[in-house]
Amino acid sequence: MTSTDEELVARSIGGDSDSFNELVLRWERPIYALAYRTIGREEDARDVCQETFLRAFRALPGFRGQAKFSSWLYRIALNLCRDWIRRERRAPIVQAPEDVDVMELAAAAEPTESIEDLVARKDLSRAVERLMALLPEEQRTAIVLKEYHGLTFQEIAELVGCPLSTVKTRLYQGLTVLRRELAKGEPKKTKATL
Amino acid sequence: MTEPVCTYPGDRDEALIALLYDDGGAEASADRARFEAHVRACAACRVELDALRGIRAQLARWAPPEPKFGARANLQSNPQSNPQSALRNPRWVPAWAQAVAAVLVVGVAAGIANLDVHYDRSGLTIRTGWSSRAAAPAAQPAAAPAAADAALWKADLAALERQLRSELRPSQAANTAAAQRSSDADLVRRVRALVDDSEKRQQRELALRIAELMRDVNVQRQADLVRVDRALGLVENKVGVEVLKNRQQMNYFIRTSQR
């Protein structure tokens with residue numbers, strides 16, 4: 001029989017590390033997906049995911065079950081993502097290693113493919129990803145939590161600490177921006193596919 | 001043609017989102033029923049709702065890349081001691097597992113060597129399959145006198161000890177060295193593969209970002225060129241007008257001076 005999160009948490013607090021491992025197995029993909037969709041970089045998302053479980057493991061004795069385990073985990077992950085975003089804003093966007101000609105590297109990586117082809121090759125998934133990255137963090141988080149993690153408005157409101165109506169407004173604004181931007185990109189996409 | 005305009009009296013955006021996600025909460029069911037009735041009659045809301053559903057369908061196609069998780073299993077072995085290192089190092093093996101592995105290796109080695117360790121009143125006896133002939137007389141101690149038996153035992157034991165030492169030492173050293181070499185080589189190979197993968201991934205990502213950057217620069221450049229072109233056109237027009245004025249003035253001066 002499959003144990004619930006609450007049962008696994010209780011056993012983990014009692015020192016059963018297999019139970020915590022089961023929780024990691026159960027939640028690592030959703031947490032990784034949340035981190036990836038929030039910060040947009042695979043390796044950093046993996047780091048955030050790993051750090052989330054480390055923090056959860058350390059804080060587990062203090063977890064009293066006030067919220068669902070998943071909500072608690074999401075909150076840890078979102079805080080880590082927020083920290084990451086703050087750090088990234090301070091750092092330069094692209095840090096080229098010393099003595100490396102990035103133009104040469106780009107040419108060497110795809111010698112036969114033009115820039116146009118390279119850009120056209122990206123599918124809708126990338127387009128959505130890029131547009132999502134343009135949204136303000138609050139709107140993006142609301143969309144990610146609702147769209148990909150199926151949280152209720154109430155859960156999102158508790159998780160991000162804002163009124164329920166604000167969650168709905170953020171979702172509406174975010175989706176409206178996506179709609180407008182995707183509509184802008186449509187003629188270009190059609191041209192590229194012809 | 002004019003755009004349809006919505007006249008819903010409540011908070012339309014929130015109602016639209018609640019309907020879109022079918023998540024209004026029990027207390028909002030009356031509001032929702034009212035909004036649903038409104039949507040049936042309002043073309044603007046229907047159009048927007050359909051468009052938002054389309055966006056949701058597009059969002060559903062955004063999948064994160066497949067993650068490579070390798071550290072989770074290590075957390076279970078010894079999480080209390082150092083979970084940080086357990087998660088960071090996928091090759092980390094807990095102490096108890098190492099001890100079990102060591103006992104298994106010794107047991108298997110003893111089995112292969114046909115080792116027989118025996119301890120009784122006459123002392124410690126160690127036999128291997130390779131020294132069975134040397135140890136054979138020790139199998140009938142009851143038949144010989146006690147003093148001669150003891151001397152024989154001592155001599156046998158010393159010979160056996162020498163033989164065991166000479167046999168086990170080189171083979172142990174060779175086994176350890178070989179295992180070390182193969183494990184090091186394996187580790188180096190894996191690390192190289194990881195580094196190669198990482199470098200390739202970084203190169204791809206960098207190339208993609210640069211391509212995007214170049215495209216943006218090109219677009220910006222085109223826009224700037226158009227702007228400069230327009231500005232030059234304006235300047236040319238202005239200059240042309242000025243030249244025309246000057247010419248007219250000159251003509252006027254020439255005409256007036258000739259009178």
Side-chain angles (χ1 to χ4, degrees), chain A residues 15 17-18 20-21 24-25 28-29 32-33 36-37 41-43 45-46 49-50 53-54 57-58 93-94 96 102-103 105-110 115-116 118-119 122-130 132 143 146-148 152-154 164-165 167-169 171-173 175-176 178-179 182-183, chain B residues 11-18 20-21 23-25 28 48 51-80 83-84 86-88 198 200-218:
Chain A
S17 52
D18 283 345
F20 188 76
N21 205 47
V24 175
L25 272 172
E28 66 185 352
R29 275 173 188 272
Y32 163 78
Y36 180 80
R37 289 189 173 111
R41 276 158 73 161
E42 192 183 345
E43 298 216 353
R46 273 213 305 272
C49 180
Q50 211 165 53
F53 285 106
L54 278 172
F57 184 81
R58 289 192 191 118
I93 297 168
V94 177
V102 287
M103 303 306 276
L105 186 63
E110 300 289 347
I115 294 164
E116 288 76 16
L118 193 69
V119 174
K122 283 188 266 175
D123 56 9
L124 182 65
S125 169
R126 290 283 293 171
V128 172
E129 184 174 346
R130 211 167 40 238
M132 284 288 284
I143 292 176
K146 185 68 195 167
E147 199 62 52
Y148 301 103
T152 63
F153 296 137
Q154 188 61 48
L164 198 134
S165 59
V167 173
K168 291 183 192 169
T169 306
L171 268 165
Y172 180 78
Q173 288 170 344
L175 290 177
T176 306
L178 290 179
R179 179 189 168 195
L182 280 169
Chain B
D11 193 327
R12 178 177 173 274
D13 301 349
E14 284 186 30
L16 209 57
I17 285 294
L20 179 70
Y21 286 103
D23 177 6
E48 186 157 14
L52 292 177
R53 282 185 181 131
I55 294 299
R56 286 196 67 194
Q58 288 185 308
L59 282 174
R61 294 168 73 172
W62 179 28
E66 197 59 25
K68 292 173 198 150
F69 295 116
R72 112 190 40 107
N74 300 309
L75 188 63
Q76 68 181 4
S77 9
N78 195 1
Q80 296 296 343
Q84 181 88 28
L87 277 169
R88 295 273 180 223
S198 171
K200 277 178 194 159
R201 202 167 45 245
Q202 283 179 5
Q203 282 186 357
R204 274 199 303 274
E205 197 171 324
L206 189 60
L208 206 59
R209 280 173 191 277
I210 288 168
E212 284 176 348
L213 192 68
M214 285 173 73
R215 187 201 54 182
D216 291 347
V217 168
N218 275 337

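The sequence lines fix the lettering, A, B, ..., with proteins before strands; numbering per chain opens at 1. Keep in mind that this is a model prediction, so the values were computed, not measured.
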Of all heavy-atom pairs linking A:Y36 and B:P65, the shortest is CZ-CD, 3.2 Å

Contact origin within A:E43 toward chain B - heavy atom pairs under 4.5 Å: side chain

Is any side-chain heavy atom of B:Y21 closer than 4.5 Å to a side-chain heavy atom of B:R56? yes

If the threshold is 4.0 Å, N to carboxylate O, is there a salt bridge linking B:D23 and A:K146? yes

Tell me if a side-chain donor or acceptor on A:R37 pairs with a main-chain N or O of B:W62 at a distance below 3.5 Å. yes

So A:T169 and B:D13, side chain to side chain contact (heavy atoms under 4.5 Å, CB included) or not? Walk me through it. CA-CA 7 Å; A:T169 306; B:D13 301 349; 5.8 Å; no

Heavy-atom pair count under 4.5 Å with chain B, highest-scoring of A:M132, A:E42, A:E147: A:E147

In terms of heavy-atom proximity below 4.5 Å to chain A, should B:E205 be classed as side chain, backbone, both, or neither? side chain

Side chain, backbone, both or neither: which part of B:L20 has an atom under 4.5 Å from a heavy atom of chain A? side chain

Part of B:L59 lying under 4.5 Å from any heavy atom of chain A: both

Top contributor to chain B interface from A:T176, A:V167, A:L171 [non-hydrogen pairs under 4.5 Å]: A:L171

